Amino acid sequence: MRRKDFRFFPLAHQDLHILSWFTAYVKVWMLASAAELIAIVVLSVRFIRRLSSIDDKQGQILLIITALLLMIHPSTAEGFFQLIYCERLLTLFLILYASSYLHYQKSKSTASFYSTFLLALIGIFIKDIAVILFIIPPISVIVFGLLGWNENHEPWDLKNTQKILKHYRLELWLLTIIPIFVCCYIFLSFLPSAYISQGSYSDKSESSLHLDWRTWLLILLTSSRLIMAGLGRIRLQLLDALNIAAISYAVALYILINFRSYSYLSLPVHLITTLNIVWLWSSELVPRLNRRLSYRLTSAIVMTGAVIVLILESN
């Protein structure tokens, strides 16, 4: 943490700092890191189940598939088995934020309203470009609604302005994080680095780009769903807004440093990509297979497919 480029935000490694107050044993830190990873998997499954309305019977195989696809990947291994990276904590707050956001959309509860805003407010202080992951989704949700691309379309006119402001109350609250981030970035990073004439983190490095099939799937799926929504064939949801945020985050990484799908830097993008793969399985593949095959056979087919994918990725 003795860097002089001021690119670390205050909460970048606070999970390790808090642990260091109680113990100096790295093995304990690794257990805490493993607990964070398990929490991310469980929250991801809950997010997909709420999004797809999956029953308890299918939820068991969903947990196994999510754990396989999320845990057995280079970006996860590098991010969680080397304790020096803040992407671990950022990914945890991202899935907490997405789960709380989805719960608010489904229930309109006051508790989820404030928890979503609080998680976003905390999340932007973990990494300098983390604001993209927490601001792009509400912006996308508003745009989807005004264009009539989601289920809760509210056409904008002067007569229903109050109704729209009430409908997008959470999104408008989340947008207030933008000026908060700008002010904090100026004082925490820009002014200190300018004062000591310290260049950016990537001044002496060359940008590189490496996309695996998962990232290409995210790009193609997001593009096709936007086109189909524009044609009026489908309605978009929160996962589509998260997809746009993940792609924007990847572009920002490429511009500032580099983007490699197997790097720890891509861990938040890897999370969103995994959510899409599991969502496609639960909402598109399983219902079609269950019409012709038994649940056990369907589960065996999906498990086999996941294992084959992991084997091919390891080669």
Side-chain angles (χ1 to χ4, degrees), residues 9-11 14-15 36 39-54 59 89-127 129-185 229 235-246 248-249 268 271-272 275-276 279:
F9 265 34
L11 302 182
Q14 289 304 317
D15 52 345
E36 291 179 357
I40 291 172
V41 172
V42 173
L43 290 168
S44 299
V45 173
R46 292 186 61 183
F47 179 86
I48 296 299
R49 289 189 61 178
R50 181 176 288 271
L51 193 67
S52 305
S53 300
I54 298 175
L89 189 61
L90 174 59
T91 304
L92 176 60
F93 269 85
L94 176 59
I95 191 59
L96 285 169
Y97 166 78
S99 300
S100 180
Y101 200 156
L102 183 61
H103 185 266
Y104 173 78
Q105 288 186 336
K106 299 289 185 180
S107 64
K108 299 297 180 181
S109 69
T110 303
S112 58
F113 176 92
Y114 287 112
S115 63
T116 303
F117 181 81
L118 179 61
L119 289 167
L121 187 60
I122 296 175
I124 65 172
F125 291 103
I126 297 177
K127 189 177 177 68
I129 61 173
V131 65
I132 296 174
L133 297 172
F134 299 98
I135 291 300
I136 295 297
I139 295 176
S140 301
V141 169
I142 293 176
V143 173
F144 293 164
L146 298 181
L147 293 177
W149 290 2
N150 61 10
E151 296 179 354
N152 300 319
H153 170 47
E154 294 285 345
W156 185 282
D157 58 51
L158 295 177
K159 296 181 180 180
N160 66 349
T161 300
Q162 293 297 328
K163 185 178 180 181
I164 290 180
L165 293 178
K166 182 179 179 181
H167 182 76
Y168 294 111
R169 188 166 67 102
L170 175 59
E171 284 74 21
L172 295 176
W173 269 61
L174 290 172
L175 292 185
T176 62
I177 292 178
I178 296 178
I180 296 175
F181 168 78
V182 171
C183 293
C184 293
Y185 181 81
R235 298 293 183 182
L236 300 180
Q237 51 194 351
L238 179 59
L239 185 57
D240 297 290
L242 292 172
N243 292 346
I244 296 176
S248 303
Y249 185 83
L271 170 67
I272 303 301
L275 292 178
N276 280 271
W279 174 77

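Keep in mind the model is a prediction, meaning the values are calculated, not measured. This chain uses plain numbering: 1 for the first residue, then up along the sequence.
At least one side-chain heavy atom of Q105 sits less than 4.5 Å from a side-chain heavy atom of V141. Proximity of I244 to F144: side-chain heavy atoms (C-beta onward) are separated by under 4.5 Å at one or more points. Side-chain contact between Y114 and L118 is absent, with no heavy-atom pair separated by less than 4.5 Å. No side-chain heavy atom of Y104 sits under 4.5 Å from any side-chain heavy atom of S115. Side-chain atoms of I272 and Y249, non-hydrogen and from C-beta on, never get closer than 4.5 Å to each other. The shortest side-chain heavy-atom distance between L51 and Q237 falls under the 4.5 Å cut-off.
With hydrogens and angles disregarded, a donor-acceptor distance shorter than 3.5 Å links the side chain of Y97 to the backbone of F134. With S100 contributing its side chain and L96 its backbone, the two residues share no donor-acceptor pair below 3.5 Å. A donor-acceptor pair is defined here as one N or O able to donate and one able to accept, closer than 3.5 Å; such a pair exists between the side chain of S112 and the backbone of S109.
A 6.0 Å sphere centred on CH2 of W173 holds no more than 12 heavy atoms belonging to other residues, nucleotides or ligands.
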For L271 and S44, what are the C-alpha separation, side-chain angles and deciding distance, and is it a side chain to side chain contact (heavy atoms under 4.5 Å, CB included)? CA-CA 8 Å; L271 170 67; S44 299; 3.5 Å; yes

Could you give me the CA-CA distance, side-chain angles and deciding distance for I95 and T91, then say whether side chain to side chain contact (heavy atoms under 4.5 Å, CB included) is met? CA-CA 6 Å; I95 191 59; T91 304; 5.8 Å; no

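In this structure, NZ in K106 is found 9.5 Å from CG in L238, a value given to the nearest 0.5 Å. For the atom pair S140 OG and L147 CG, the distance stands at 10.5 Å (nearest 0.5 Å). Going from atom NZ of K127 over to atom CG of L11 covers 13.5 Å, rounded to the nearest 0.5 Å. Here N276 contributes atom CG and L239 contributes atom CG; the two are 4.5 Å apart, rounded to the nearest 0.5 Å. Atom CD1 of I129 sits about 9.0 Å away from atom CZ of F181, to the nearest 0.5 Å. A distance of 12.5 Å separates OG1 in T116 from CG in L121, rounded to the nearest 0.5 Å.
Taking each heavy atom of K108 and H167 in turn, the nearest pair found is NZ-O, 4.3 Å. Among all heavy-atom pairs drawn from W279 and S52, the shortest one is CD1-OG, 3.2 Å. Residues V131 and I124 approach most closely at CA-CG2, 3.9 Å, considering heavy atoms. Taking every heavy atom of both residues into account, I135 and L174 meet most closely at CD1-O, 3.3 Å. Nearest heavy atom pair, residue P138 against residue Y101, reads CA-OH, 3.5 Å. Closest approach of A98 to L242, counting heavy atoms only: CB-CD1, 3.8 Å.
The ring of F117 has its center no closer than 6.0 angstrom to the ring center of F113.
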